[in-house]
There are 2 protein chains.
Amino acid sequence: MNPIKNLRVTPQRRVILEELRKVRSHPTADELYEMVRKRLPKVSLGTIYRNLDLLSSEGIIQKVQAGNSQMRFDGNPHPHIHICCTNCGRVADVHSGPDTAALCREIDTDFTILSCNVLVYGVCPEC
Amino acid sequence: MNPIKNLRVTPQRRVILEELRKVRSHPTADELYEMVRKRLPKVSLGTIYRNLDLLSSEGIIQKVQAGNSQMRFDGNPHPHIHICCTNCGRVADVHSGPDTAALCREIDTDFTILSCNVLVYGVCPEC
DNA sequence: GTATTTGCAAATACTTTGCAAAACC
DNA sequence: GGTTTTGCAAAGTATTTGCAAATAC
């Protein structure tokens, strides 16, 4: 874990990352809080938020803003497309589709492009 | 205005829509509140929120979630790509680039696709 | 030993909601 | 006249922050 900086390896940080990497569900901060709490019952929600923020700004995980009011988190930092169910809010990865780096090249703008984010809305098989 | 439903034409609603259509800045609810307040000093922020919600669910305007914590609004309901400055938060339209409907067709998923949203991050000329 | 991190609780930021009065058609 | 909409204020939801104690290195 610790590719950069003065990021100390605390049990909280380690467990947060382990739990996040275990799932493919793109959990919200409070879902992750419940997951981590099973292993570290005294962890606080503030610690979850602080670490998710830190880990994502270090590029170790990624934040996913998917329509809902709550931020979601993805243990896979590699850019990829997400699809969000408009009915149940579930967020899934899209395994194949357009390459976001290629999309960037098609954009006509006077901004200096940094990244290109694709969020698809749809209805999941369960809904 | 009033394409559908029992949407009454109140001064508040009319001015909110007029002000939103006047600008290309994708204002937040409170920015729009200030704009509307110049013409209707007694308008309340709650009314702004309620109308923006209504107008967007009727497809008359659109909500734009652009990285920041605040929702932004676009008087142009036609789907198009937005670009958001990571430095100042400004949101602009992308005038030409990939067609989002075409992108949808490239997506490989077991969801039933409804729409495809592209949000580009970059640095604006001013920053 | 010292800087970072934690838990706790309070604070913040944005948005939504309940309700009675006002306005629209 | 009846239903929708408004203003106001209070509540709600998600997230951030201050601080002293605890911990990592």
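We name chains A, B, ... by the order of the sequence lines, and we start the count at 1 in each one. Keep in mind that the numbers below use all heavy atoms, side chains included, and drop hydrogens, waters and symmetry copies.
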Does the protein touch nucleotides 13-23 of chain D at the base, only the backbone, or not at all? Give it as B, S and - per nucleotide, heavy atoms under 4.0 Å. -SBB-BB----
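To the nearest 0.5 angstrom, A/Phe73 atom CZ is 9.5 Å from A/Leu55 atom CG. In this structure, OG1 in B/Thr112 is found 11.0 Å from CG in A/Asn87, a value given to the nearest 0.5 Å.
The pair B/Glu126-B/Arg90 meets the salt-bridge criterion, since a charged nitrogen lies less than 4.0 angstrom from a carboxylate oxygen. Using a 4.0 Å cut-off between a side-chain N of Lys or Arg and a carboxylate O of Asp or Glu, A/Arg24 and A/Asp74 do not qualify as a salt bridge. The pair A/Glu34-A/Arg37 counts as a salt bridge, with a side-chain nitrogen and a carboxylate oxygen less than 4.0 angstrom apart.
Distance CG (A/Asn68) to P (C/dT15): 15 Å, rounded to an integer number of Å. If you take CZ of B/Arg13 and P of D/dT3, they are 17 Å apart, rounded to a whole angstrom. When rounded to the nearest whole Å, the span between CD of A/Gln65 and P of C/dC14 equals 13 Å.
Among residues at least two apart or in separate chains, ring pair (Phe, Tyr, Trp, His ring centres under 6.0 Å) pairs with a member in residues 74-102 of chain A are A/His26-A/His82, A/His80-A/His82.
Using a 4.5 Å heavy-atom threshold, the side chains of A/Leu114 and A/Cys104 count as separate.
For A/Lys22, the NZ atom counts as densely surrounded, since its 6.0 Å shell holds more than 12 non-hydrogen atoms of other residues, nucleotides or ligands.
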Intra- and inter-strand pairs of DNA chain C in dot-bracket (Watson-Crick or G-U wobble, both distances under 3.5 Å; | for another strand): |||||||||||||||||||||||||
